[in-house]
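Following: one structure in structure tokens, then a few remarks.
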Amino acid sequence: MKRTDATFWRAGTRVLPKVEGKVRRRSYKPGWRRLSFRVALGAGVAESGYLATQDLDATVRGVQELWDNREQALAALESGGIGAASVLTVGTAAYMVLTRERRELMREWVVPLHDALYRPLGLAEQTDPRRYLHIPKNFSDDDAEIRIDLPNHLDFSRDVVADRITQKLALEGVTFNWHPEGSKPYVRVKKTRKPPAKAPFKDPKIRELVAKAPESAPIIGLGSAGRIVSVDLDADSPHILVNASTGGGKSATLRCIACQMLHHGSLVYVLDTKRISHPWAHGIDGVTYCRDIADIHDQLIELGQLGRLRTRIADALGIDAEPKAIGPRVLILLEEINATMKQLARYWEKIRESGDPKTSPAVDVLNEILYMGRQLRMHVLLVAQSATARALGGPEVREQFATRILARYSVNAWRMLAPEVQPAPKSTKHHGRAQVVIGGSARETQVLFFTETEAREWATTGKKAADGPNPAALPAQAGPVQLQKPPTPDTQPAAVPTDSLADARSTTPTTAAPDPAPAPAADPAATSPAAPVDDDQAVGLREAAEHHLPYTLAALRYARANDRTFPGPVGKRGAELLYRVGDLKKWARNRPRAASGTTDLD
């Protein structure tokens, strides 16, 4: 009776359905081996019978001789029996000792795993576990490998099978490589080598790795066996999403990436409603730090204008142009997207006028940059505690982040952001440990740790971005292209002037046109219809303290001497330096101070 799936040439691995009773080991052997054994056994029996009939007389004579010398025969049998019994006892003891670990493995791990798996896999209970569970004795070691043969029908849940394997074998940090193809499907389970416990930038080896990293591929951290984990902003993903709960190291991850970008001459825009997330970046050349929601709104609109200008420049340069000709790389670091998006929506509701669109133009600009960032060398580094589609503006917006860094994540967060990677690796509270998901695979990573002093030092010792107010300008041989002034919050961004586009398309050297004369302070349309009329006035620090800012004269003088972000003077009145009122107000709004703990605009 056929009891297993064994064929004439192939050994069996499982019991056939509806087979009852115990299935012996020989039922798993291929048909040719069983046939060979039976033929050999029959031939041996026949040969023994033939020889027995031929030697019957000799046998009778031999028995008669033994009977005549029975005393000597008994003595010989006694000594021989003792020797045989001794050999059998020693052999049995040696066998029991040598196979003890294997028997314990079967009793403690293999058989219980079979009891947990045969139902999910759709196998018969009588199936011999040794036929499809290939578990080595050192399966808990780092370099061990477990192989489990799967049924051909594949009618099972991978998540359930993987979960029961990890639970019954008490495994942590393993990867499952499923191979369903062919006539012998199987899954291979291997323990992953853990990343290093720490990855400090002060380590000379890590500092050397960071120094050798390409400009377009900042290092995120170190993976298993100390391998570098990085993301190429030009080839892999132009934008990065960081999702972590409180204490998950979001600010440290952003500091790691941003200081490397600054080291290579990129421009960094920090949009931080918490106000104090990145004190290391305060006052660094090439960093624009916006803390007030009004300034974040205006800065996003200005970045959208920059993106549209770069689009025209790229079109004028053609497809054979050097990518760097479009301007330095721009990194937009957007902190706490959940709170920032709500504040932007409320701020737009507060300032928008009749006829304006309901959606904040700053939100539209952010989506626009996400869709066209790679070609324009503009990259968004977005941080969220819960990166839901609603918080980001829709599921299509979330799909723009091909690189996702998750730390201290929940099961729901993993299913939402990395559903293609299953089963989900277990979250850990190890400081600096995260999962970097790129291209459908997750890599456990120890994020590089820069102290604030190290990040500031590394950001300020590298190459500086192009000087001047227009980071998107063409090289000297292509002529200058001037940016418009930032548009106001309640108006649409101004279009790029036609003469700028003509200059962008020019390929012959030109002479830069003189800067246009500044608009008169009395004309509010030249600045912002929503801004106070006196924002363009030039005043001294004493007048600013008395009429415009809630600070004392001594505090303003101290800030002028010690604060790198204090606005520069726009003129002089005798020996007194004059400052634009709007610049002073913007500086006052964005001064670093303790977070208020609320998202209210008040």
Side-chain angles (χ1 to χ4, degrees), residues 1-38 41 92 95-141 144-191 411 422-424 426:
M1 180 180 177
K2 189 175 178 62
R3 295 178 176 272
T4 68
D5 62 342
T7 65
F8 186 79
W9 298 109
R10 181 175 56 85
T13 58
R14 60 186 179 88
V15 176
L16 295 177
K18 300 181 181 180
V19 173
E20 297 181 357
K22 185 177 181 180
V23 179
R24 298 185 181 277
R25 189 177 300 179
R26 63 172 176 266
S27 298
Y28 293 95
K29 296 180 179 180
W32 69 269
R33 291 189 60 181
R34 286 180 287 171
L35 179 61
S36 300
F37 175 78
R38 289 168 182 169
L41 181 61
T92 303
Y95 174 81
M96 297 296 290
V97 170
L98 295 176
T99 60
R100 180 179 59 84
E101 293 185 358
R102 188 65 189 177
R103 287 183 286 106
E104 289 181 355
L105 177 69
M106 292 293 297
R107 182 179 64 252
E108 300 293 336
W109 302 103
V110 179
V111 173
L113 180 60
H114 164 71
D115 294 338
L117 283 183
Y118 75 85
R119 285 192 182 92
L121 290 177
L123 302 177
E125 184 179 0
Q126 304 96 314
T127 302
D128 187 356
R130 291 170 291 189
R131 297 296 169 178
Y132 74 102
L133 299 177
H134 309 286
I135 302 176
K137 292 183 289 185
N138 59 340
F139 69 89
S140 60
D141 294 348
E145 180 179 304
I146 300 171
R147 174 179 168 135
I148 298 176
D149 296 331
L150 304 173
N152 288 326
H153 58 74
L154 300 178
D155 188 16
F156 56 86
S157 171
R158 292 187 179 185
D159 293 342
V160 173
V161 172
D163 183 62
R164 296 200 178 185
I165 292 173
T166 54
Q167 289 187 28
K168 297 302 291 184
L169 297 182
L171 299 175
E172 290 186 1
V174 294
T175 58
F176 290 81
N177 297 322
W178 301 88
H179 298 271
E181 66 281 353
S183 60
K184 296 182 179 180
Y186 65 94
V187 58
R188 181 177 285 112
V189 186
K190 294 184 65 176
K191 286 192 77 171
V411 176
Q422 292 296 335
K426 186 177 179 180

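Source: prediction; values computed, not measured. Positions are given from 1 along the sequence.
- Applying the ring-ring contact (aromatic ring centres under 6.0 Å, His included) rule to pairs touching residues 160-182 yields His179-Tyr186, sequence neighbours excluded.
- Residues in residues 97-138 take part in these ring-ring contact (aromatic ring centres under 6.0 Å, His included) pairs, two or more places apart or across chains: Trp109-Phe139, His114-Tyr118, His114-Tyr132.
- Once rounded to the nearest 0.5 Å, the distance linking CD of Glu181 with CG of Leu154 reads 10.0 Å.
- Shown are Leu121, Leu123, Leu117; of these, the side chain to side chain contact (heavy atoms under 4.5 Å, CB included) with Phe156 is made only by Leu121.
- Shown here are the side-chain hydrogen bond (donor to acceptor under 3.5 Å, both in side chains) partners of Arg102, two or more places apart in sequence or in another chain: there are none.
- Residues Ile146 and Ile148 meet the side-chain proximity criterion, which asks for heavy atoms closer than 4.5 Å.
- Taking CZ from Arg107 and CZ from Arg100, the interatomic distance works out to 9.5 Å, rounded to the nearest 0.5 Å.
- To the nearest 0.5 Å, atom OG of residue Ser36 and atom CG of residue Leu41 are 12.5 Å apart.
- Distance CG/Asn138 to CD/Glu101: 10.0 Å, rounded to 0.5 Å.
- Contact check for Pro180 versus Arg158: side-chain heavy atoms found under the 4.5 Å cut-off.
- Between Glu145 and Pro136, every side-chain heavy-atom pair lies at or beyond the 4.5 Å cut-off.
- With hydrogens and angles ignored, the 3.5 Å screen pairs no side-chain donor or acceptor of Arg188 with any backbone N or O of Asn177.
- Side-chain contact between Met106 and Arg130: present, with at least one pair of heavy atoms (C-beta onward) separated by less than 4.5 Å.
- Annotation: side chain of Asp149 is not in contact with side chain of Pro185 (no heavy-atom distance under 4.5 Å).
- The backbone N or O of Met96 sits less than 3.5 Å from a side-chain atom of Arg103, completing a donor-acceptor pair.
- Taken from CG in Asp115 to NZ in Lys168, the straight-line distance is 7.5 Å, to the nearest 0.5 Å.
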